Student: 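Just dropping this structure here.
Please read these numbers as outputs of a predicted model, since none were measured by experiment. Note that ligands are numbered from 1 as they come in the structure, with each ligand's atoms numbered from 1 the same way.
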Amino acid sequence: MSTLLAISAVIAAPSQYAGCDISAASMPMPANQTQLTLPSGALSFIALGVGVQNYTCSSAGNYTNIGAVAEVFDISCLYGTPAFHSIQNTAYDVWDKAPPSMTAQSVISMLSDLPVKMWDFTSAAYAGNAAAYAVGAKTGDMVSPDGAVDVDWLQLKVVKGALASTVYRMNTVAGQLPGSCSPGDTTVQSVKYTSKYYFFGGSIKQ
Ligand SMILES: *[C@@H]1O[C@H](CO)[C@@H](O)[C@H](O)[C@H]1NC(C)=O
Ligand SMILES: *[C@@H]1O[C@H](CO)[C@@H](O)[C@H](O)[C@H]1NC(C)=O
Ligand SMILES: *[C@@H]1O[C@H](CO)[C@@H](O)[C@H](O)[C@H]1NC(C)=O
């Protein structure tokens with residue numbers, strides 16, 4: 001399972017890919033924002049993240065993000081299909097209603113009307129490509145333009161791994177935990193979210 005922290009991200013990748021070349025595709029950027037910079041290099045992969053954002057109560061009595069865990073699925077072959085635009089919403093609707101015992105993989109397999117297979121970046125089938133991962137450090141952070149309940153959009157500079165040189169977390173759905181809490185309460189609250197991830201550069205191609 002990939003660990004995607006608020007400040008850094010470790011993303012494992014397949015050694016076998018969906019096989020769709022998206023190097024001519026582009027990532028939509030919100031107009032008039034200054035927090036994220038346009039990427040250099042070609043798009044290598046687009047992925048769907050299905051996971052949780054974790055929070056505990058701060059001494060100030062509000063929730064502080066302490067990390068996140070997500071399964072990341074290669075959706076490059078969805079690019080240009082009608083399902084692509086809202087895949088994160090489609091996946092969230094299923095994930096949100098899923099019982100606690102249901103894994104992210106099960107959620108993905110329930111989206112059975114999708115026209116392509118989505119590769120699980122973390123499954124055992126992809127083991128063996130030692131460089132196919134990315135460790136990122138946050139270089140940009142913007143509040144989601146879609147709504148206050150959605151976790152921030154991020155830009156991550158890859159500091160280790162050959163999967164990409166820059167990774168963006170975009171089009172987030174849910175994951176925020178607003179409101180007040182009891183200072184000192186160390187209970188970890190996990191809030192489900194989905195998002196798209198865009199991977200630029202790197203030496204591992206579709
Ligand atoms: C972006 O800024 C320009 C110039 O100020 C403005 O005309 C345009 O409406 C803005 N677009 C959005 C989506 O806010
Ligand atoms: C928590 O509350 C403190 C004090 O009011 C504030 O400075 C901080 O930004 C808040 N943090 C979050 C995550 O809302
Ligand atoms: C987040 O919470 C989940 C339980 O919902 C747990 O499995 C996971 O280890 C936690 N990860 C982090 C980084 O906090």
Side-chain angles (χ1 to χ4, degrees), residues 1-13 30 33-36 47-73 88-89 91-111 118 120-124 126-127 132-161 163-164 167-197 199:
M1 187 174 273
S2 309
T3 302
L4 303 169
L5 302 177
I7 302 173
S8 65
V10 180
I11 302 167
Q33 62 81 30
T34 55
Q35 295 94 331
L36 308 185
L48 171 71
V50 177
V52 295
Q53 297 283 332
N54 290 348
Y55 297 86
T56 55
C57 196
S58 74
S59 56
N62 52 20
Y63 291 103
T64 303
N65 192 308
I66 56 160
V69 186
E71 296 277 346
V72 183
F73 302 87
Q88 66 281 0
N89 302 99
Y92 181 77
D93 287 345
V94 178
W95 185 220
D96 183 39
K97 294 179 183 72
S101 59
M102 188 177 280
T103 63
Q105 284 99 334
S106 312
V107 167
I108 294 302
S109 61
M110 283 176 71
L111 305 176
M118 288 190 282
D120 179 353
F121 275 55
T122 63
S123 78
Y126 303 136
Y133 70 99
V135 180
K138 187 168 76 175
T139 56
D141 188 330
M142 71 174 285
V143 170
S144 167
D146 297 335
V149 299
D150 303 327
V151 283
D152 288 3
W153 296 18
L154 300 180
Q155 179 172 347
L156 301 154
K157 176 181 163 52
V158 174
V159 293
K160 204 175 170 201
L163 183 60
V167 180
Y168 297 80
R169 184 179 78 190
M170 310 288 278
N171 307 111
T172 53
V173 182
Q176 294 277 27
L177 187 55
S180 57
C181 52
S182 303
D185 182 355
T186 55
T187 310
V188 176
Q189 307 270 3
S190 293
V191 183
K192 289 177 176 178
Y193 84 104
T194 58
S195 72
K196 283 198 178 95
Y197 288 91
F199 297 78

Student: For the residue pair Val159 and Ala137, what are the closest heavy atoms and their distance?
Tutor: CG1-CB, 4.2 Å

Student: Please give the N or O to N or O pairs under 3.5 Å between ligand 2 and the protein, distances rounded to 0.1 Å.
Tutor:
residue, atom, partner, partner atom, Å
ligand 2, 2 (O), Asn62, ND2, 2.3
ligand 2, 11 (N), Asn62, ND2, 3.0
ligand 2, 14 (O), Asn62, ND2, 3.3

Student: For a quick test of reading the model, state the closest non-hydrogen atom pair linking Gln189 to Leu177 and the distance between them.
Tutor: CB-CD2, 3.6 Å

Student: Can you name the nearest heavy-atom pair linking Cys57 to Ser182, along with the distance?
Tutor: SG-O, 3.1 Å

Student: Check Tyr92, Trp153, Tyr193 against Thr172 for a side-chain hydrogen bond (donor to acceptor under 3.5 Å, both in side chains) and give me the one that passes.
Tutor: Trp153

Student: Which heavy atom of Val191 sits nearest a heavy atom of Gln176, and at what distance?
Tutor: CG1-O, 3.6 Å

Student: Hey, what do you get for OH (Tyr63) to OG (Ser58), rounding to the nearest 0.5 Å?
Tutor: 10.0 Å

Student: Could you tell me, atom by atom, which parts of ligand 3 come under 4.0 Å of a heavy atom of Ser190?
Tutor: 2 (O), 3 (C), 4 (C), 5 (O)

Student: What atoms of ligand 3 come within less than 4.0 Å of a heavy atom belonging to Asn54?
Tutor: 1 (C), 2 (O), 3 (C), 8 (C), 10 (C), 11 (N), 12 (C), 14 (O)

Student: I'd like to know whether NZ of Lys192 has more than 12 heavy-atom contacts from other residues, nucleotides or ligands below 6.0 angstrom.
Tutor: yes

